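Written out below as structure tokens is the structure these notes cover.
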Amino acid sequence: MATSLVVPLAYISVMITALAIFSRVYRKRRAAEKTSFEPWFPHHPSREVYISLLSSSQDIPDSLLKSALLVRAITDVKRIWRLRDDKTALTQLHQRGLIGDDTMSRFNAAEKELEAEIVDVVSEANTFRQGWGQMIFATATEMAQAEKTRETVMNIPKIKAVEEKRIALRNKYLPGSVPAPLIQQVSASQAQAMAQAAAAGSGSNTPSPSTTNTSGKVATPQNVPSPSLASDETVGGVGSTDSSKNGSPALGSGSGTGGNSNASTPSKSTPGKKKKNKK
């Protein structure tokens, strides 16, 4: 009887102890994962350079410190652009349930860290000159945009080479599937447009064959019939042709309409005949 009670009690005590140890270890690991997650940005080299120059034992000129602080502000501006672009996509993915809460917590921590970094840069800029903190990020934004444009222009040959290799490889297996490069098409169309413009400019100076007589003289604008007279001739009929000879389109239109009105109105003898028939 005694041995039958010891075995189940020992089994229950061992299971309770194992569950307690497991829950304690699991909670510690979860807490460590929440507090020690991977940062959104790995490191900040420009900030480290500025802090190292500021804490140096040697005399560092103010111009060098200002340049390092401006480079630090440029890096912050680029990070602001990246967070602004990532926030929309992350919000949509989180609403759909495609990413977890740990990713959003990392992003929120990165936003808070960047806000603290901006405040630190503004305070450091005001130490060099009062009021520079309000202008340093405007200057840093202009420099970051110029650097971005320069990088884009410098990468054009590399992108062109990659696209040419891709098009050549595709045309090798699928001939004629990819059209000619867009740069060649634009240059050809521009050359064709310039040639047409030059031809039109030279053609406007020479008289057209429709305005020349058989004797080779150019007809004056008075001898050329106007479009209004031609329309009146088609509407007015014979009466309009007589008026077009006189040169007044208003009269031609009036005669044409008058002829049509006389043809459409009935004669005066028609009502009389109807009365006689009634009698």
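Because the structure is a prediction, the values reported are computed rather than measured.
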Could you give me the CA-CA distance, side-chain angles and deciding distance for Thr91 and Phe107, then say whether side-chain contact (heavy atoms from CB on, under 4.5 Å) is met? CA-CA 10 Å; Thr91 304; Phe107 182 78; over 6 Å; no
Heavy-atom count around Asp101 CG within 6.0 Å, excluding the residue itself: above 12?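 No, because the 6.0 Å sphere around CG of Asp101 holds 12 heavy atoms or fewer from other groups.
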[X], [Y]: one ILVMFWY side-chain cluster at the under-4.5 Å cut-off?
X	Y	result
Leu70	Val119	no
Leu9	Met15	no
Tyr50	Val71	no
Leu54	Val49	yes
Leu64	Val121	yes

Separation of [Y] [atom2] from [X] [atom1] (nearest 0.5 Å):
X	Y	atom1	atom2	result
Asp62	Ser67	CG	OG	10.5 Å
Leu98	Leu90	CG	CG	11.0 Å
Asn108	Lys87	CG	NZ	8.0 Å

Checking one residue: Val25. Which other hydrophobic residues are in its cluster under the side-chain 4.5 Å linking rule?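 Hydrophobic cluster check, Val25: joined to Ile21.
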Are [X] and [Y] packed together at the side-chain level, in the sense that at least one heavy-atom pair is separated by less than 4.5 angstrom?
X	Y	value
Leu83	Phe41	yes
Thr103	Trp40	yes
Arg72	Asp120	yes

Should the pair [X]-[Y] be classified as a salt bridge under the 4.0 Å nitrogen-to-oxygen rule?
X	Y	answer
Asp86	Arg82	yes
Arg79	Glu117	no
Arg166	Glu163	yes

Donor-acceptor contacts under 3.5 Å from residues 126-145 side chains, at least two apart:
| residue | atom | partner | partner atom | Å |
| --- | --- | --- | --- | --- |
| Asn126 | OD1 | Gly131 | N | 3.4 |
| Asn126 | OD1 | Gly133 | N | 3.1 |
| Asn126 | ND2 | Val122 | O | 3.2 |
| Thr127 | OG1 | Glu124 | O | 2.3 |
| Thr139 | OG1 | Met135 | O | 3.1 |
| Thr141 | OG1 | Phe137 | O | 2.6 |

Could you go through Ile80 and Ile118, starting from their C-alpha distance and side-chain angles, then the distance that decides it, and tell me whether this counts as side-chain contact (heavy atoms from CB on, under 4.5 Å)? CA-CA 10 Å; Ile80 291 171; Ile118 291 170; 3.6 Å; yes
Decide side-chain contact (heavy atoms from CB on, under 4.5 Å) for His44 and Asp76; before the verdict, give the C-alpha distance in whole Å, the side-chain angles of both, and the deciding distance to 0.1 Å. CA-CA 9 Å; His44 203 314; Asp76 294 337; 2.8 Å; yes
Donor-acceptor pair, Thr17 side chain versus Ser13 backbone, under 3.5 Å?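 Between the backbone of Ser13 and the side chain of Thr17 there is a qualifying donor-acceptor contact (under 3.5 Å).
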Closest non-hydrogen atom pair between Ile60 and Leu53, with its separation: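 Heavy-atom minimum between the residues: CG1-O, 3.6 Å.
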